[in-house]
Amino acid sequence: MSAGNEQSRQWFEDLAHSGQVDLPSEKLGWLDDARQQARQAINTLPVPYRKQEEWRYTSIDGLLKQNFQPVNDPFTALQSVDLEDWLLPEMDCYRLVFANGRCVPHLSETSELPDGVRVGSLRAALTTDPDLLATWFGQTANHSQHLFTALNTVLINDGVFIHVDSNVKLDKPIEVLYLSLALEDAVVAHPRNLVVMEPGSEATLIERFVSTGQSVYFNNNLSEIILNESATLIHHRVQDESSQAYHLSNLFLSQQKQSRYRGTALALGGAWARTEYKVKFLDEEAECRLNGLYTVGEKQLTDFHLDIDHAKPHCASEENFRGILYGKGRAVFDGRILVAKDAQKSDAHLHNANLMLTRNAEVDTKPQLEIYADDVKCSHGTSVGQLEPEQIYYMRARGIETAMAQKMLCLGFADEIIDTIEIEPLRQHVHERLHNALDRVVSEQLQAEEVA
Amino acid sequence: MLSIKNLHVSIEDKPILNGLNLEIGTGEVHAIMGPNGSGKSTLSYVLSGREGYEVTEGQILYEGEDLLELETEERAHKGIFLAMQYPVELPGVNNMVFLKESLNAIRRARGEEELDSVKFMQLVKEKAKMVKLDEKLLKRSVNAGFSGGEKKRNEILQMALLEPKLALLDETDSGLDIDALRIVAEGVNALRSPERSVVLVTHYQRLLDYIQPDHVHVLSEGRIVRSGGKELAHELEEKGYSWLKEGAAA
């Protein structure tokens, strides 16, 4: 291992030691064990670098240059934030608000939760529901997936805890709003989430990551999602952060018999954003459908890694990701479907389409199918294209100006993903964000063309 | 309305139009006929402002203004409309949104007030009924997955909605059955007025059974080789185009 790598490891070790963990609970053996293992993993796991396939197109050099500090008190800075500015109009939901990784109970809205539903902070649950946590924590996550997941585990301090009892169906979505406050230091947070859906339960979860200013920070998330038999979770994630933000999300999803997961993953902003989904079917007839959209421009990188493990027969998965790239934006899409030898009648489809608005944008896309069963329906595909001059001409011939035509075509491309969000206020919000971003992009681009 | 003088057009240095002359008066309906490869579509595209067509010589005046100086969308704003032979599919772009944006872009350019959603809906539904376009197609992506006939009807719907001063129809009749043809013709006839001009570009005479032209021109090898009244179309139908070529050569 090179000296450079050892210096990089030091960065992880320093971070692992910098966190001040002051959980309020009694000593919990299972948690200590997990932490202990993760701490060891930090000494032994390989440092991510570009000769490893999973990190081939995604450099972590930018992160390593930062000297991230833990946030001990996000609550003082929070006083100058008006929560109303960050809420979606007409959004009727239960809500958890986090500030730099810490749950803010007085801004959260969970008082009217139906019986059999727990929505709150992981920190609080350590005291109120230690047995539930002991049962489910670490069941699906691999703490040693890589150094970042180990780091998250060592530094567990807070996060989301959702538990829905058997056959309970939530009447309203649960929204989790992660505010990253603009602080002087470059700060880091390691939200740690656990979502457990008991048999036959149903819920909708929305996660939104936003920044209140243009500061440098790092969000290192880890979510464990457990769908027991016949449970249904609809899960929308909107990562829409500061142009200086670093974001890493690791989602571990395990699905029991006949469970259904349907989600959208939207990556709209950040300097460096990587999201990993690890999906595992633990029993038959489970279904996972995930749509994704990323927009990426100047000095930005967005990276999606999907790992879908068809370990059991008769399961269905479908992933459809689209990207709009401009400026010198870079995107990575690495999707892998693994169909095990006995997983007959698997139905698995993976597709990635990219719309390149500029010559200098770059996408590395790699959809893969690994099939060991012989009676399956599987497909994968990828496309990288530009706006068709023919289409622009057609629209201009109808009086629509070039900039507007480009914007409408981009929105049309994105709408095939966005329109799958069934929650009107959220869909509207994403539309608006995209409209604004495209207004900027298209006008900048037309100016650039004029100069050229 | 439109005056084309000695028009020469090339695509990638290959001459397609070779000295075409054409005068279209206000309120007139002209048919331009000709065999495949005679330059009919090129003429339509040059008038609408499609890129890739190089005008090497000649002049086009539209209402006294140099048409070639105008951007594609400016021509639309000033009332030129081309119903295309192959309408383009716009996946993801909702037909209704597209039609509204188109109409309002033109209204804005003319200094007229934009139509709000309610007024627009009323108007578009009325026009869709006129061209017998299934309202479901308004909610779908523009032309995506439409049948040939539906695409053509969508073009006529746009024409009816935008009420152009100069409507060009490029082979709108091709690939249509008789019923669809009649609907398209009705759409064009409804638009006929002393203020509007229509140019029908077609290979076959049959559209002209439904839309009576004031003038018929024959295009061959990039120029108009014969002009006449509507009886010229019948003559062509009987004798075919080769008769004209011989005539021109003689």
Side-chain angles (χ1 to χ4, degrees), chain A residues 264 291-293 295 320-324 351 353-357 381 383-421 427-428 430-432 434-435 438-439 442-443 446 449-450, chain B residues 44-53 70-110 112 139-144 151 154-155 157-159 161-164 168 170:
Chain A
T264 45
N291 290 316
L293 175 73
T295 58
N320 186 10
F321 276 66
R322 293 191 159 197
I324 299 176
H351 195 261
N354 296 279
L355 185 56
M356 317 294 278
L357 300 185
S383 69
V384 178
Q386 286 112 34
L387 291 176
E388 296 288 336
E390 189 77 19
Q391 296 177 333
I392 307 272
Y393 158 68
Y394 184 66
M395 297 174 85
R396 290 178 71 199
R398 297 298 177 256
I400 300 171
E401 276 156 15
T402 308
M404 188 63 182
Q406 290 180 344
K407 200 174 118 177
M408 287 171 77
L409 288 168
C410 289
L411 288 170
F413 178 79
D415 272 351
E416 304 217 347
I417 302 297
I418 298 173
D419 285 349
T420 63
I421 301 174
R427 193 173 62 239
Q428 288 283 354
V430 173
H431 260 286
E432 248 168 62
L434 201 59
H435 259 276
L438 287 172
D439 273 341
V442 165
S443 64
L446 285 177
E449 275 172 20
E450 272 167 32
Chain B
S44 307
Y45 283 138
V46 168
L47 291 173
S48 82
R50 188 177 174 171
E51 281 171 24
Y53 295 81
L70 298 177
E71 296 287 343
T72 307
E73 57 268 38
E74 288 175 317
R75 299 180 196 195
H77 298 161
K78 287 175 190 281
I80 292 182
F81 179 90
L82 169 62
M84 301 200 191
Q85 183 178 5
Y86 303 109
V88 180
E89 297 190 5
L90 306 177
V93 179
N94 178 276
N95 206 8
M96 196 83 95
V97 171
F98 170 70
L99 295 170
K100 184 166 175 236
E101 185 53 38
S102 168
L103 180 63
N104 279 336
I106 289 172
R107 292 180 71 96
R108 268 198 305 274
R110 290 178 184 164
E112 296 166 6
K139 294 180 187 135
R140 298 218 333 233
S141 294
V142 181
N143 295 328
K151 283 183 185 171
N154 204 31
E155 293 291 286
L157 170 67
Q158 292 171 38
M159 187 179 77
L161 202 60
L162 302 179
E163 301 185 320
L168 311 160
D170 185 9

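Chain identifiers are assigned alphabetically (A, B, ...) following the order of the sequence lines, protein sequences preceding nucleic acid strands; residue numbering begins at 1 within each chain.
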Query raised in the report: Should A:Arg396 and B:Glu51 count as an ion pair when the cut-off is N to O under 4.0 Å?
Result: yes

Report task. Verify the neighbour count for atom OH of B:Tyr86: are there more than 12 heavy atoms of other residues, nucleotides or ligands below 6.0 Å? Result -> no

Requested in this report: Select one option (side chain, backbone, both, neither) describing which atoms of A:Glu390 are under 4.5 Å from chain B's heavy atoms.
Outcome: both

Report task. Taking all heavy atoms of B:Ala83 and all of A:Arg398, pick out the closest pair and write down the distance. Result -> CA-NH2, 4.2 Å

Query raised in the report: Using non-hydrogen atoms only, which part of B:Val142 is less than 4.5 Å away from chain A: side chain, backbone, both, or neither?
Result: side chain

Query raised in the report: Got A:Tyr394 and B:Asn143 here, is their nearest side-chain heavy-atom distance under 4.5 Å?
Result: yes

Query raised in the report: Considering residues, nucleotides and ligands other than B:Lys78, do more than 12 of their heavy atoms fall under 6.0 Å from its NZ?
Result: no

**Report entry** Interface moiety of A:Met404 toward chain B, non-hydrogen atoms closer than 4.5 Å
**Finding:** side chain

Query - chain A contact via B:Leu82 - which portion, at a heavy-atom distance below 4.5 Å - result: both

Report task. Identify which of B:Pro91, B:Ala109, B:Pro87 forms the greatest number of heavy-atom pairs closer than 4.5 Å to chain A. Result -> B:Pro91

**Report entry** Segment of B:Glu101 engaging chain A (4.5 angstrom heavy-atom cut-off)
**Finding:** both

Query raised in the report: For B:Phe98 and A:Met408, which heavy atoms make the closest approach, and how far apart are they?
Result: CA-CE, 3.9 Å

Query raised in the report: At a heavy-atom separation under 4.5 Å, does B:Glu89 approach chain A through its side chain, its backbone, both, or neither?
Result: backbone

Query raised in the report: With a 4.5 angstrom heavy-atom cut-off, which part of B:Arg75 approaches chain A: side chain, backbone, both or neither?
Result: neither

**Report entry** CD1 on A:Ile400 to OG1 on B:Thr72, rounded to 0.5 Å
**Finding:** 12.5 Å

Query raised in the report: Between B:Ala105 and A:Gly399, which heavy-atom pair has the shortest distance, and what is it?
Result: CB-O, 3.2 Å

